[in-house]
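As a basis for the values below, the full set of heavy atoms in this structure was taken, side chains included, without hydrogen atoms, waters or symmetry mates. Order of listing sets the numbers, starting from 1, for every ligand and every atom in it.
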Amino acid sequence: MSTRTLIRGGLVITATDETHADVLIEDGRIAALAAHGSQAATAWSAERVLDATGKYVIPGGVDAHTHMELPFGGTFASDTFETGTRAAAWGGTTTIVDFAVQSKGHALREGLDAWHAKADGKCAIDYGFHMILSDVNESSLKEMDLLVEEGITSFKLFMAYPGVFYSDDGQVLRAMQRSAGNGGLIMMHAENGIAIDVLVEQALQRGETDPRHHGEVRKVLLEAEATHRAIQLARVAGAPLYVVHVSAEEAVAELAAARDKGLPVFGETCPQYLFLSTDNLAEPDFEGAKYVCSTPLRPREHQAALWRGLRTNDLQVVSTDHCPFCFVGQKELGRGDFSKIPNGLPGVENRMDLLHQAVLDGHITRRRWIEIACASPARMFGLYGKKGTIAPGADADVVIYDPAVEQVLSAETHHMNVDYSAYEGKRVTGRVETVLSRGEVVIDQREFTGRAGHGAYVPRGVSQYVG
Ligand code: URP
Ligand code: ZN
Ligand code: ZN
Ligand code: ZN
């Protein structure tokens with residue numbers, strides 16, 4: 001028995017096209033598109049007809065960097081896979097790629113199994129996993145090959161956080177060499193964590209304990225240096241490289257220089273670096289703790305370079321690095337010592353709206369909005385075709401987006417399980433109205449109609465940028 005849904009009257013926007021078309025959905029997939037009022041479109045019938053007149057019809061967002069329930073800094077990110085994926089749906093995101101974590105001294109498989117257990121049966125939208133490597137050794141290197149085979153095709157390494165996730169240059173090189181052979185993509189947290197830890201110690205000794213010092217010790221130069229080093233190591237290994245959460249102009253310059261040489265080097269930035277700054281970190285009464293993440297927020301002057309990078313394709317992806325910690329009881333762990341503030345910001349619900357606002361502000365075009373938020377992350381991580389576009393055969397992950405409604409972002413109205421909004425009070429124009437995940441309506445005109453467990457695990461292919 002086939003179920004059909006018809007979306008009538010909207011402007012369909014993909015990374016490549018804007019077309020006034022009706023969209024026919026059959027059995028969870030896009031079946032066809034046809035111009036409004038065309039013979040084909042008029043002949044279609046369906047059990048469910050959604051009116052998108054005056055609205056955009058866009059692919060569901062693909063957020064390639066989230067951390068639901070991440071254990072970090074002695075606590076856990078406050079969104080579970082259930083609450084976090086529901087919030088994602090509210091914000092027009094229909095796929096996340098989260099990070100399974102290898103613990104030191106343990107197998108990749110154990111970490112992966114643990115993350116599957118956290119997510120299984122809980123998610124409102126589809127999800128995949130990257131793997132965080134915190135212990136690169138002979139046996140974890142061998143395991144990488146197996147993971148690539150089964151759809152975990154990307155691996156995050158940390159040049160930061162010594163004693164936690166940190167890998168030294170030898171481990172980084174070995175993982176890169178392995179990925180060069182198995183088709184995996186190395187994702188790099190590029191900050192010189194060894195040098196940063198020295199500066200943290202010195203700052204605390206001087207009595208500099210406020211949240212703003214988190215930004216001051218994690219220097220731009222130490223992001224740029226690590227980015228440069230990661231690129232050179234990837235060249236030596238003959239491996240592609242994806243640098244996560246790029247925040248500094250000087251780091252964008254390193255990526256741009258590498259890309260000018262034709263190297264397979266890619267970069268992601270996040271809404272917090274595009275819309276927030278060290279001004280937020282300096283907010284009084286410990287409020288700055290709400291904005292502590294790594295890489296840190298930068299002085300506002302860096303934003304122009306990030307927007308330019310997104311326009312010139314020196315940066316390909318905007319993901320959120322969604323890693324929420326409540327102000328009360330979690331961020332507060334770092335009162336009197338900024339180095340104990342758990343790192344991370346909430347944002348999975350806000351990304352599509354903030355980037356639509358960037359369209360209105362003239363930073364990017366509508367199609368580039370869809371490209372950096374849907375198509376390009378899907379392609380980067382081996383999901384494109386199924387995810388990231390509206391085309392026959394693709395999963396019917398579709399958002400009906402009202403580009404004219406104004407909203408005020410606030411913790412009062414958001415659905416993320418966190419007691420503050422990083423964008424409290426910000427006015428944006430545009431709002432998600434209805435969301436379909438594989439043809440099922442999960443947000444119906446601003447009402448949640450989805451369920452935990454609808455979201456399915458998606459094994460991924462190798463990167464379609466690289467392969
Ligand atoms: O501050 C951040 N970004 N927390 C999440 C972990 C990471 O480094 O991505
Ligand atoms: Zn073990
Ligand atoms: Zn990171
Ligand atoms: Zn992260």
Side-chain angles (χ1 to χ4, degrees), residues 63-79 84 88 96-103 111 115 127-134 154-167 172 185-193 196-197 200 211 214-215 217-218 222-223 226-227 230 241-248 251 266-274 276 278 280-281 288-298 317-327 330-331 333-334 338-348 351 377 380-381 416 418 422:
D63 191 340
H65 190 154
T66 66
H67 300 281
M68 307 307 172
E69 303 177 45
L70 179 74
F72 193 95
T75 184
F76 286 84
S78 59
D79 261 318
I96 60 165
V97 190
D98 204 275
F99 291 80
V101 180
Q102 176 202 20
S103 310
W115 257 259
Y127 62 98
F129 288 121
H130 314 283
M131 188 87 219
I132 287 178
L133 300 180
S134 3
S154 38
F155 301 88
K156 187 177 178 194
L157 290 166
F158 290 76
M159 300 167 107
Y161 306 137
V164 190
F165 297 133
Y166 176 80
S167 293
V172 167
L185 179 60
I186 297 294
M187 308 169 75
M188 187 60 75
H189 181 131
E191 285 187 292
N192 186 327
I196 285 169
D197 273 10
V200 169
H214 170 85
V217 297
R218 303 189 84 91
L222 297 178
E223 181 186 348
T227 305
L241 174 69
Y242 176 90
V243 181
V244 296
H245 48 53
V246 173
S247 66
F266 309 95
E268 137 199 303
T269 191
C270 314
Q272 52 270 36
Y273 308 117
L274 296 165
L276 304 173
T278 44
N280 298 98
L281 265 177
K290 294 176 175 173
Y291 307 95
V292 165
C293 57
S294 298
T295 56
L297 301 185
R298 301 296 184 190
V317 172
V318 175
S319 60
T320 58
D321 196 6
H322 176 78
C323 191
F325 296 99
C326 288
F327 182 74
Q330 295 195 296
K331 290 291 188 180
L333 293 168
F338 68 82
S339 73
K340 296 201 163 61
I341 301 169
N343 285 203
L345 259 62
V348 75
R351 184 182 64 127
M380 191 67 69
F381 295 107
M416 298 176 285
V418 60

List-wise, which protein N, O or S atoms are found short of 2.8 Å from the Zn ion (ligand 4)?
His65 NE2, His67 NE2, Asp321 OD1

Under 6.0 Å between ring centres: does that hold for His65 and Phe99?
yes

Kindly say whether the aromatic ring centers of Tyr291 and His214 come within a distance under 6.0 Å.
no

Measure the acute angle between the ring planes of Tyr127 and Phe129, then classify it against the limits of 30° and 60° as parallel, tilted or perpendicular.
perpendicular

Within 45° of the six-membered ring axis of Phe325 and under 6.0 Å from that ring's centre, is NZ or CZ of Lys331 located there?
no

With a 4.0 Å cut-off, would you call Arg218 and Glu191 a salt bridge?
yes

Could you walk me through whether Thr295 and Tyr273 satisfy the side chain to side chain donor-acceptor pair (under 3.5 Å) test, starting with their C-alpha distance in whole Å, then the side-chain angles of each, then the deciding distance to 0.1 Å, before giving a yes or no?
CA-CA 9 Å; Thr295 56; Tyr273 308 117; 3.1 Å; yes

Is the gap between the ring centers of Phe381 and Tyr242 under 6.0 Å?
yes

Residue shell for ligand 1, any heavy atom closer than 4.0 Å, reads His65, His67, Lys156, Phe158, Tyr161, His189, His245, Cys293, Ser294, Asp321, Cys323, Asn343, Gly344

Check whether any side-chain heavy atom of Tyr166 sits under 4.5 Å from a side-chain heavy atom of Leu157, and report yes or no.
no

Stepwise side chain to side chain donor-acceptor pair (under 3.5 Å) check, His130 with Asp98:
CA-CA 6 Å; His130 314 283; Asp98 204 275; over 6 Å; no

